[in-house]
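One is the number of the first residue; the rest follow in order along the sequence. Please read these numbers as outputs of a predicted model, since none were measured by experiment.
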Amino acid sequence: MDHTPLEVGLVVLGVVILLMIIAGVLVIWFILAKLRLHENDILKLNEDRSTGAYINTHGHFRDSAIEIDERVSSSASNGHPPSFSNGSSSSTVLTTQSKLSLIVKDKEYRVYAQSPPYGQILMTAQNYHKSTTCSDTVVPTEEVQVVDKVSNIPKAISKMLAKDWMEGLPTSLLFNGDSKSFENMFSFNKGVFIHRTIGKEGGSLEVSGVTLIIPPEALEDDTLITVGIIWDKRHTPNLTRKQAMLSPVVLCQPSRLRFKVPVTLKFPHCAQRIKKDWIPQVLKREGALSEEHSWESVTLADYDERDITDTHISLKLHHFTLYALVGTSQHGKTAAKLVHIVAFAGKLQKDSFFKPRLFCLDRYKEKLEEVEVLTKKLDASSKMVDTTDLLIHDNGEDVMLEINKLSDDWNLQTDMKEVLPFEQVWHSFHPHCTMVIKPKTTNVSEIMCEIHAYQNGEDNNKAKLRIAEQVQQSISPLSSPEDDPVEGLKRQLIILLDPVNSVGTDSGDWRDLASKMGCEISKIRWLGVQSSPTRILLDKWFEDKQDLLDLEQIMIDVNRPDAAEEVRTVINKLNHTQTHKKVVNSTSLNLDSS
């Protein structure tokens, strides 16, 4: 029986479809078989992820991309990572050789990793040492040393933590819950904190005007203590219109930690005549930041003593939580608080708008640091151009910002007056505004303006801001110094020191120069977002008429012989020039006398 072409085609199509179905079933069966085969591995990896780190049956320790084992006297492993045989197909995660080792107390540990943060290495090593020694305490950062395979010289790990968390330095990193696990550390950008391990002997912490003093015997065990300030509106008290925020929100961790002896917490406030015009009230918010709690007044169960001075408040506390100072005017009085009016502006550029940003801040320096970070995000070239103080009274009147004088070559594109609402100022929400100014021609190279700040209705009580900027000619460190040896030195040092040392060697960079010049942490952070921090530091050095010999010594101290050689070359050149001038002058005098 003959079949038509259509029937033959249908049969062939049916066979193809059947084969595709069989192949699909086989693929699904193969995938399920592989999943069943590795089910234990997957469960084990999930367990590891939840615990953050573990010690396997061979005594090695793994945390994320780090493996650590205790170094033995015989080099049986020849510096290679340990071989894991725990049944996991992915057990040999790392193939790199050990690049460094850690000395914790009297033990040395080898570290195998692909360049993780030193903070993570530190926390992993601390946990490993705690596990292997069956200790209940965490080894302080100061007692951990790094031994680099290249130099073979031990150094404190604290020196390697310039860009990571470390004890004793301000940071935006905060612990969520258990402070003994690196897994519980997260970045909280709306705050600045300091961490330090304190035990029975007591100790102190200080950051952004906040000081915590823990006396001896207040703690039974070594505890990682955190103190700092936050400026996240989600964690500030809900205030009435008449209540004023008078202090930063102060965070103390671990939350609910109680002390055998009261500890002293001291933090700043911005109230004026606080004892005569104000009714101050200390508030607390129990629990960690991740928990939902309301603010309430502290009670005698929370503290032993309370002392309020003209600029600070001091509390003798029994336990940790969040604290803040608020206040209302006394009956028949009009209280006042002091604020900063701060102007930020980017670089003045030809044929471009000039946009000064004006902020109203409570008068503590940490608020200023916060706004510096904010303005840098809006404009990387932004800098503070002027600041002034202003008293804000409890009269409900808004703060006015008014341009009083402006260069003839510029036109204001916004209103002459800007308004900052009273309630936002009174509640410390640091309100701000932006003024937009446009050049009349394309060749304008400078601007001068004066801005008055005052509370509405108080025209006779004005604070003044003055802004004067010029267009700066950009200078490349690769361009010719035009026979100026000092400028030539600056450009050479910019090339050498501006690149940040990220390889963990002893060679210093601009951060070490800033530290040697006595810059505070906040200033070093600010320098880090400038186009050339080395240029700013060197300009300051020569502006203060510092000695080149001292600069040469700094370069030697921060292990930059190449930079020291550049300084020495300029010193010799300048000495030669001065000697030549003396010879010329002496010859001229001899000729005159003859």
Side-chain angles (χ1 to χ4, degrees), residues 231 233 239 241 244-245 270 334 336-363 367-368 370-471:
W231 46 79
K233 291 182 182 179
L239 304 178
R241 180 176 174 82
M245 192 74 178
C270 59
T334 302
K337 73 174 190 176
L338 192 62
V339 299
H340 263 326
I341 305 296
V342 187
F344 287 85
K347 289 182 179 178
L348 182 63
Q349 298 179 346
K350 287 188 176 182
D351 199 25
S352 296
F353 288 100
F354 184 68
K355 296 184 290 186
R357 294 185 178 90
L358 306 172
F359 290 81
C360 182
L361 315 173
D362 284 343
R363 203 187 187 288
K367 286 281 186 160
L368 190 56
E370 170 202 352
V371 171
E372 285 179 337
V373 173
L374 171 63
T375 55
K376 288 296 177 187
K377 291 181 179 179
L378 298 173
D379 182 355
S381 68
S382 181
K383 63 179 180 179
M384 186 178 70
V385 292
D386 200 9
T387 178
T388 187
D389 293 339
L390 180 67
L391 272 178
I392 303 298
H393 294 88
D394 184 17
N395 55 18
E397 295 293 340
D398 297 332
V399 174
M400 313 300 293
L401 299 174
E402 177 183 4
I403 288 192
N404 181 258
K405 297 178 182 178
L406 182 62
S407 301
D408 293 336
D409 295 329
W410 294 83
N411 281 326
L412 183 64
Q413 302 297 298
T414 53
D415 293 336
M416 188 69 70
K417 293 182 181 180
E418 296 285 349
V419 178
L420 302 182
F422 169 79
E423 193 166 333
Q424 292 189 22
V425 176
W426 207 236
H427 291 176
S428 302
F429 287 158
H430 46 79
H432 61 277
C433 65
T434 300
M435 293 182 170
V436 181
I437 310 173
K438 182 180 180 181
K440 294 180 179 179
T441 61
T442 59
N443 59 353
V444 177
S445 60
E446 63 181 20
I447 184 173
M448 296 185 67
C449 66
E450 184 176 280
I451 300 173
H452 290 180
Y454 56 94
Q455 228 177 334
N456 192 27
E458 297 188 11
D459 296 10
N460 295 326
N461 181 27
K462 293 183 177 181
K464 297 179 181 180
L465 293 164
R466 293 180 175 88
I467 300 176
E469 293 292 311
Q470 288 183 319
V471 175

task = Scan side-chain atoms only and decide if Thr441 and Asn443 contain a donor-acceptor pair under the 3.5 Å cut-off.
result = yes

task = Write down the atom of Pro356, the atom of Ala345, and the distance for their closest heavy-atom approach.
result = CA-CB, 4.3 Å

message = Quick check on side-chain contact (heavy atoms from CB on, under 4.5 Å): which of Arg466, Met416, His452 does Asn404 satisfy it with?
response = His452

task = Find the distance between CZ (Phe353) and CD (Gln413) and round it off to the nearest 0.5 Å.
result = 5.5 Å

request  = Establish, yes or no, whether the cationic atom of Lys438 lies under 6.0 Å from the six-membered ring centre of Phe354 and within 45° of the ring axis.
outcome  = no

task = Just say parallel, tilted or perpendicular for the rings of His432 and Phe359, cut-offs at 30° and 60°.
result = parallel

ask   = Between the main-chain N or O of Cys433 and the side-chain N or O of Glu418, is there a donor-acceptor pair closer than 3.5 Å?
value = no

ask   = If we only count heavy atoms from C-beta on, is the Gln349 to Val471 side-chain gap below 4.5 Å?
value = no

inquiry  = Looking at Met448, I want to see if its CE is surrounded by more than 12 non-hydrogen atoms of other residues, nucleotides or ligands under 6.0 Å.
reply    = no

query = When rounded to the nearest 0.5 angstrom, what is the spacing between CD in Glu402 and CG in Leu465?
reply = 12.5 Å

message = One pair to check against side-chain contact (heavy atoms from CB on, under 4.5 Å): Met400 and Val419. What are the steps and the verdict?
response = CA-CA 5 Å; Met400 313 300 293; Val419 178; 3.6 Å; yes

key: Heavy-atom side-chain contact between Leu406 and Ile447 under 4.5 Å   = yes

message = Under a 3.5 Å distance rule, please check whether Asp415 uses its side chain to pair with a backbone N or O of Lys417 as donor and acceptor.
response = no

message = Is it true that Ser428 and Lys337 share a donor-acceptor pair across their side chains at a distance under 3.5 Å?
response = yes

key: Side-chain touch Ile341/Thr387, heavy atoms, less than 4.5 angstrom   = no

query = Taking atom OH of Tyr454 and atom CG of Asn461, what is their separation to the nearest 0.5 Å?
reply = 11.5 Å

key: Side chains of Gln455 and Asn395, donor plus acceptor under 3.5 Å   = yes

inquiry  = Can you classify the ring geometry of His427 versus Phe429 as parallel (below 30°), tilted (30 to 60°) or perpendicular (above 60°)?
reply    = perpendicular

key: Between Asp362 and His340, a side-chain donor and acceptor under 3.5 Å   = no

message = For a 4.5 angstrom cut-off between non-hydrogen side-chain atoms, does Glu450 reach Lys464?
response = yes

Ile451 vs Lys405, side-chain contact (heavy atoms from CB on, under 4.5 Å): CA-CA, chis, key distance, verdict = CA-CA 7 Å; Ile451 300 173; Lys405 297 178 182 178; over 6 Å; no

ask   = Does a sphere of radius 6.0 Å around NZ in Lys355 hold more than 12 heavy atoms from other residues, nucleotides or ligands, not counting ones at 6.0 Å or beyond?
value = no

Spacing of CD1 belonging to Ile403 relative to SG belonging to Cys449, to within rounding of 0.5 Å = 5.5 Å

ask   = If you take all heavy atoms of Ser445 and Leu348, which pair is closest and at what distance?
value = O-CD2, 3.8 Å

key: Where Ala463 and Leu390 come nearest, the two heavy atoms and their spacing   = CB-CD1, 4.2 Å

ask   = Okay, side chain of Asp394, backbone of Thr334: is any donor-acceptor separation there less than 3.5 Å?
value = no

inquiry  = One pair to check against side-chain contact (heavy atoms from CB on, under 4.5 Å): Phe422 and Arg241. What are the steps and the verdict?
reply    = CA-CA 9 Å; Phe422 169 79; Arg241 180 176 174 82; 3.9 Å; yes

Steps toward side-chain contact (heavy atoms from CB on, under 4.5 Å) verdict (Leu391, His393) = CA-CA 6 Å; Leu391 272 178; His393 294 88; 4.1 Å; yes

query = Do the side chains of Val339 and Cys270 get nearer than 4.5 Å, heavy atoms only?
reply = no

request  = Kindly compute the distance separating CG (Asp398) from CD1 (Ile392), expressed to the nearest 0.5 Å.
outcome  = 10.0 Å

message = A side-chain contact here means heavy atoms from C-beta on lying under 4.5 Å apart; do Lys440 and Asn411 qualify?
response = yes

query = About how many Å separate OG of Ser407 and CD1 of Ile467, when rounded to the nearest 0.5 Å?
reply = 10.5 Å

